[in-house]
Structures are given as C-alpha cells and as structure tokens.
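Written below as structure tokens is the structure these notes are about.
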Amino acid sequence: MGGAAWAGWWLVFSADVASVLASRTAVPADGWDRVYFTGYTVFPLGIGDYVPDTAWAQVATAVASLSGLFLVTLSLTYLVQVVQAVVHKRVLAQQIHCLGRDAFGIIAAGWTGSGFSSMFNGLLRGILALQGREESHP
C-alpha cells in the first residue's frame, strides 16, 4: 500500500523538472532525489534536504504528507486489530486445550448427567466473538 503511494507521488513530482529543488543549492532534483523527497514526504519525516519549488508542487507536497499520514494511521490501526484477534484466538485455543485432550474428553468432562455444565457458556461466547473478528478482519 505504501509503495504504491510512494510510486504515485514520485510520478507527480517527476512531472515537472523544477518542482523539487535541493534546499542548499537550488538545483533541480534528479530521479533518485525525487524518490528520496517523495519518501520523506509521504511518510512525514520533514527532513528538508529538498523543497518544492512551484506552487502546485507545494500543494502536492502538503496533500502527499496528509495522504501518507492517513495511510500510516490506517495501516497501524488495522495491524493492531489483527494482532488483538490473533491474541484472542490463542487465548481461546488455550482455554479449549485446558478443557480436555480431545472432543470426547471435553464433552465427557462437561456432562453432568442431566445436561452440560456452565463451562461451555464462556466457551460459546469466545467462539462467537472469534467468528465475528474473523469475518471483520480476515
């Protein structure tokens, strides 16, 4: 996702030779310098080695920074949700493992003679919560 944004903004900043200049010498940036400029603009570092020169490049730099900030925030938010789902899945697996060695052992341990014990209530809630997480974050 970030690589596509980087490449797209690099193409934008490569459209005009005078759009990006070296900050110390005011020399137009070459292709690799534009890659560098785009990288620290899209992933907002604000190093300042290169600067936008034209008005449209200044606006594009601001938009690129905002889009990069959005992509980083969105990616981290999604990643945190996925990690939480993995942790929940492992906790549920450990709970099921502690109930018995296999399905027969779990059912035998939960059978009271006239019905199943309440140990399955929490397990059912955990399984349904896991299913909801799997459907929302595959």
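Taken from CG in L128 to CG in L123, the straight-line distance is 9.5 Å, to the nearest 0.5 Å. We find the CG-CD1 distance between L92 and I127 to be 5.5 Å, quoted to the nearest 0.5 Å. Residue S75 holds its OG atom at 9.0 Å from CZ of F70, rounded to the nearest 0.5 Å.
Applying the ring pair (Phe, Tyr, Trp, His ring centres under 6.0 Å) rule to W56 yields no partners; only residues at least two apart in sequence or on another chain are considered.
In terms of modelled atom types and a separation under 3.5 Å, the side chain of S65 and the main chain of T41 share a donor-acceptor contact. Within the 3.5 Å criterion, the main-chain N or O of F13 finds a donor-acceptor partner in the side chain of S19. R34 places a side-chain N or O within donor-acceptor distance of the main-chain N or O of V17, the cut-off being under 3.5 Å.
Both V35 and L11 are part of a single hydrophobic cluster, where members link through side-chain heavy atoms under 4.5 Å apart. Residue Y36 is grouped with residue W9 when hydrophobic side chains (ILVMFWY) are merged at heavy-atom distances under 4.5 angstrom, including chains of intermediate members. Both W6 and L76 are part of a single hydrophobic cluster, where members link through side-chain heavy atoms under 4.5 Å apart. Both V12 and V63 sit in one connected hydrophobic cluster of ILVMFWY residues. Membership requires side-chain heavy atoms under 4.5 Å apart, directly or through other members. Using a 4.5 Å cut-off between side-chain heavy atoms of Ile, Leu, Val, Met, Phe, Trp and Tyr, with links allowed through other members, I106 and F116 fall into the same hydrophobic cluster.
Residues L99 and Q95 are not in side-chain contact: their nearest non-hydrogen atoms beyond the backbone lie 4.5 Å or more apart. Under the 4.5 Å side-chain criterion, counting only non-hydrogen atoms from C-beta, D33 is not in contact with V20.
Across all their heavy atoms, A26 and L21 have their closest contact at O-CD2, 3.8 Å. Across S23 and V51, no two heavy atoms sit closer than the pair CB-CG1, 4.0 Å.
The residue from K89, H88, R90 that alone fulfils the side-chain contact (heavy atoms from CB on, under 4.5 Å) condition with V86 is R90.
Checked against the 6.0 Å centroid criterion, the rings of F43 and Y40 do not qualify as a close aromatic pair.
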